[in-house]
Amino acid sequence: MLKNRAFRTDYATALAQAYGAGFRQHPSLRHLSTSFAIDSDKAGGDVRKHIARTLSQARVHAHRDVIRDLAQGLLEPALQARSVDLLREFAIPYTLQVVCKLLGVPSQLAESIPSVSAGLLTALDCARLSAAELEDLDTRTQAIAEQFVRFLGSPQARESECIAGLLDIAHEHTLPLESVFSDLLFLLLAGFETTSSSVAQIGWFLARYPDVAEDLRSGAADTAVIVEEFARMFPPVHIVTRRPGVDVELAGATVRSTQTVAVLIAAANRDPSAFADPGAFMQGRARSSVLTFSAGWHHCLGAMLARQEIGIALEVMLEHPQLRRASVATWRKLGVFRSLQALSLVDPHHHH
């Protein structure tokens, strides 16, 4: 079904059901719903194709050394403390700075994105925000939008190949600068929010699977293989929804154009007919069967970047024995996303 082009994302309908037909009057919801990821036909699909080129395997691989330097530079000082929140002090700044590098967004401009990410993620999760929460989110999002629009109107914006391409597409299709901000907002949100949670979980993972950690340290295991199995077992997105543009036959049943189909990614990744002993962490499983990054037209454009970020974080963390210490995970109460709120590591033997 994910590869069937008749099925499209339709978050706009879900937002309308949650917040009413006038949901676009709210800046936060408007920017979400007008991004290329939600409006997949935006600019005739040109935005999505441009982003796919920006996040291609070759471009991502070319940034490998830069990404590793960022990981090392952030992790080493964070681990000097007896107690550290690996999410806040390492994973979030790491993944946010990486996506800024790839997109060409000045990091100081993106520093405020985490202040709206939780609210935007909750809105995408279709867990209704209260009126007060939505008003606060709107105020914060609009302030960020104004900063970005000023930047997008400056000569500096065209120094980035990615942003220059987005501006050219917007000009060709007579879209306002706010429309380009909507795309960058979603890219920044997607680029750090789900990946940062996965990166932070690496600390918990190394303690839970010490045998895998030792295999990696000794060279008996391949990082890319471990990352793929890690992504299978612990996907940050548990559910994706699709709606067909017309009535469609699917597995012997008719799906009406007005109906939404939910795909349980986390369950599919543990389907016993596809994976032997699906609840066990096993190296060397078939990569093509894993749906963590979805599939088809709406597959995750940042999949290669996410894999590389997680893999580099894993390699860098292996260099630090402090990460074998106990971890305490706190999870957000969401349905679609499995997202960390905090991951605390405490070293009982730490002395200043």
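If you read the sequence from its start, that first residue is 1, and numbering goes on from there.
Checking side-chain atoms of Y94 against main-chain N and O of E309 turns up a donor-acceptor pair under 3.5 Å. Side chain of R332 to backbone of S339: no donor-acceptor contact under 3.5 angstrom is found. Side-chain atoms of E172 never come within 3.5 Å of backbone atoms of I169 as a donor-acceptor pair (strictly under, hydrogens ignored). Judged purely by atom type and a 3.5 angstrom limit, S218 uses its side chain to pair as donor or acceptor with the backbone of D215. Between the side chain of Y19 and the backbone N or O of L29, no donor-acceptor pair lies under 3.5 Å. Under the 3.5 Å distance criterion, the side-chain polar atoms of Q308 are matched with a main-chain donor or acceptor of V60. A donor-acceptor distance shorter than 3.5 angstrom exists from the side chain of D85 to the backbone of L343, with no hydrogens or angles considered. Between the side chain of R243 and the main chain of T258, a donor-acceptor pair closer than 3.5 Å is present. S197 places a side-chain N or O within donor-acceptor distance of the main-chain N or O of L340, the cut-off being under 3.5 Å. No side-chain donor-acceptor contact under 3.5 Å links N269 to the backbone of P235.
For E161 and R59, the salt-bridge test passes: some basic side-chain N is under 4.0 Å from an acidic carboxylate O. Checked for salt-bridge contact, R256 and E249 miss the test: no charged N lies under 4.0 Å from a carboxylate O. Looking at E315 and R68, a side-chain N of the basic residue comes within less than 4.0 Å of a carboxylate O on the acidic one, giving a salt bridge. Taking the charged nitrogens against the carboxylate oxygens, E229 and R270 have no contact shorter than 4.0 Å, which rules out a salt bridge.
Not counting sequence neighbours, the partners of R158 by the side-chain hydrogen bond (donor to acceptor under 3.5 Å, both in side chains) test are D168. Partners of Q97 according to the side-chain hydrogen bond (donor to acceptor under 3.5 Å, both in side chains) rule, which considers only residues two or more places apart in sequence or in another chain, do not exist here.
In plain terms, the two heavy atoms of L129 and A123 that are nearest each other are CD1-CB, 4.3 Å. When all heavy atoms of I163 and G104 are compared, the pair lying nearest together is CD1-O, 3.5 Å. Taking each heavy atom of R232 and A280 in turn, the nearest pair found is NH2-O, 3.1 Å. Between F186 and S35, the closest heavy-atom pair is CD1-OG, 3.5 Å. Nearest heavy atom pair, residue I310 against residue S198, reads CD1-CB, 3.8 Å. The two residues A200 and L86 make their nearest non-hydrogen contact at O-CD2, 3.6 Å.
Residues L109 and L188 share a hydrophobic cluster, clusters being chains of Ile/Leu/Val/Met/Phe/Trp/Tyr side chains in contact below 4.5 Å. One hydrophobic cluster, built from ILVMFWY side chains closer than 4.5 Å, cannot hold both V316 and V225; they sit in different ones. Under the 4.5 Å side-chain heavy-atom criterion for Ile, Leu, Val, Met, Phe, Trp and Tyr, I51 and L175 are members of distinct hydrophobic clusters. Note on M282: it does not cluster hydrophobically with V212, by side-chain heavy-atom contacts below 4.5 Å among ILVMFWY residues.
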**Study point:** side chain to side chain contact (heavy atoms under 4.5 Å, CB included) between R217 and E319, intermediate numbers included
**Key:** CA-CA 8 Å; R217 286 190 183 96; E319 299 168 5; over 6 Å; no
Check your understanding: What do the steps show when you test D138 against S28 for side chain to side chain donor-acceptor pair (under 3.5 Å), and what is the final call?
Key -> CA-CA 5 Å; D138 283 340; S28 56; 2.6 Å; yes
Exercise for review: Give the intermediate values and the outcome of side chain to side chain donor-acceptor pair (under 3.5 Å) for residues T195 and T95.
Suggested key: CA-CA 7 Å; T195 310; T95 51; over 6 Å; no
Check your understanding: Between S33 and D39, is a side chain to side chain donor-acceptor pair (under 3.5 Å) present by the stated rule, with each step listed?
Key -> CA-CA 7 Å; S33 64; D39 179 6; over 6 Å; no
**Study point:** Verdict with supporting geometry, I144 and S115, side chain to side chain contact (heavy atoms under 4.5 Å, CB included)
**Key:** CA-CA 10 Å; I144 295 170; S115 71; 4.3 Å; yes
Exercise for review: List the steps and the verdict of salt bridge (Lys or Arg N to Asp or Glu O under 4.0 Å) for R307 and E228.
Suggested key: CA-CA 8 Å; R307 286 186 174 104; E228 204 63 26; 2.9 Å; yes
Exercise for review: Could you check L189 against L124 for side chain to side chain contact (heavy atoms under 4.5 Å, CB included), going step by step and ending with a plain yes or no?
Suggested key: CA-CA 11 Å; L189 182 67; L124 281 173; 4.2 Å; yes
Review point. Can you check side chain to side chain contact (heavy atoms under 4.5 Å, CB included) on F151 and Q156, steps first, answer last?
Key: CA-CA 7 Å; F151 163 70; Q156 183 189 359; 3.8 Å; yes
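Expressed to the nearest 0.5 Å, how far CG of L75 lies from CG of L70 amounts to 12.0 Å. Rounded to the nearest 0.5 Å, atoms CD1 (I202) and CG (L314) are 5.0 Å apart. Atom-to-atom distance recorded for S182:OG and F36:CZ is 11.0 Å, nearest 0.5 angstrom. If you take CG on L177 and NE2 on H171, they are separated by 11.5 Å, rounding to the nearest 0.5 Å. The CE atom of M317 sits 7.0 Å away from the CG atom of L206 when rounded to the nearest 0.5 Å. Atom OG1 of T13 sits about 8.0 Å away from atom CZ of F23, to the nearest 0.5 Å.
Contact of the I92 side chain with the P114 side chain is registered, since non-hydrogen atoms from C-beta on lie closer than 4.5 Å. Contact annotation: the side chain of T292 never approaches that of F234 to less than 4.5 Å [non-hydrogen atoms, C-beta and beyond]. Side-chain contact between L102 and C162 is absent, with no heavy atoms from C-beta onward closer than 4.5 Å. Residues L185 and L120 form a side-chain contact, since some pair of their non-hydrogen atoms from C-beta on lies under 4.5 Å apart. By the 4.5 Å heavy-atom criterion applied to side chains, L305 and I67 are counted as neighbours. Under the 4.5 Å side-chain criterion, counting only non-hydrogen atoms from C-beta, I38 is not in contact with T34. No side-chain heavy atom of F148 sits under 4.5 Å from any side-chain heavy atom of E178. Residues I239 and I265 have side chains not in contact (no heavy-atom distance under 4.5 Å, counting atoms from C-beta outward).
Checked against S179 for a side chain to side chain donor-acceptor pair (under 3.5 Å), the options K42, H31, H173 give a single hit: K42.
No more than 12 heavy-atom neighbours from other residues, nucleotides or ligands sit within 6.0 angstrom of CD on Q25. No more than 12 heavy atoms of other residues, nucleotides or ligands shown are found within 6.0 angstrom of CG on D65. Taking a 6.0 Å sphere around CD of Q259, one finds it holds more than 12 heavy atoms contributed by other residues, nucleotides or ligands.
Taking the six-membered ring where the residue is Trp, Y209 and W204 present perpendicular rings, their angle passing 60° and hence far from 30°.
A centroid separation of 6.0 Å or more is found between the aromatic rings of H238 and F337. Taking the six-membered ring wherever Trp is involved, the centroid distance between the rings of F281 and F205 falls below 6.0 Å.
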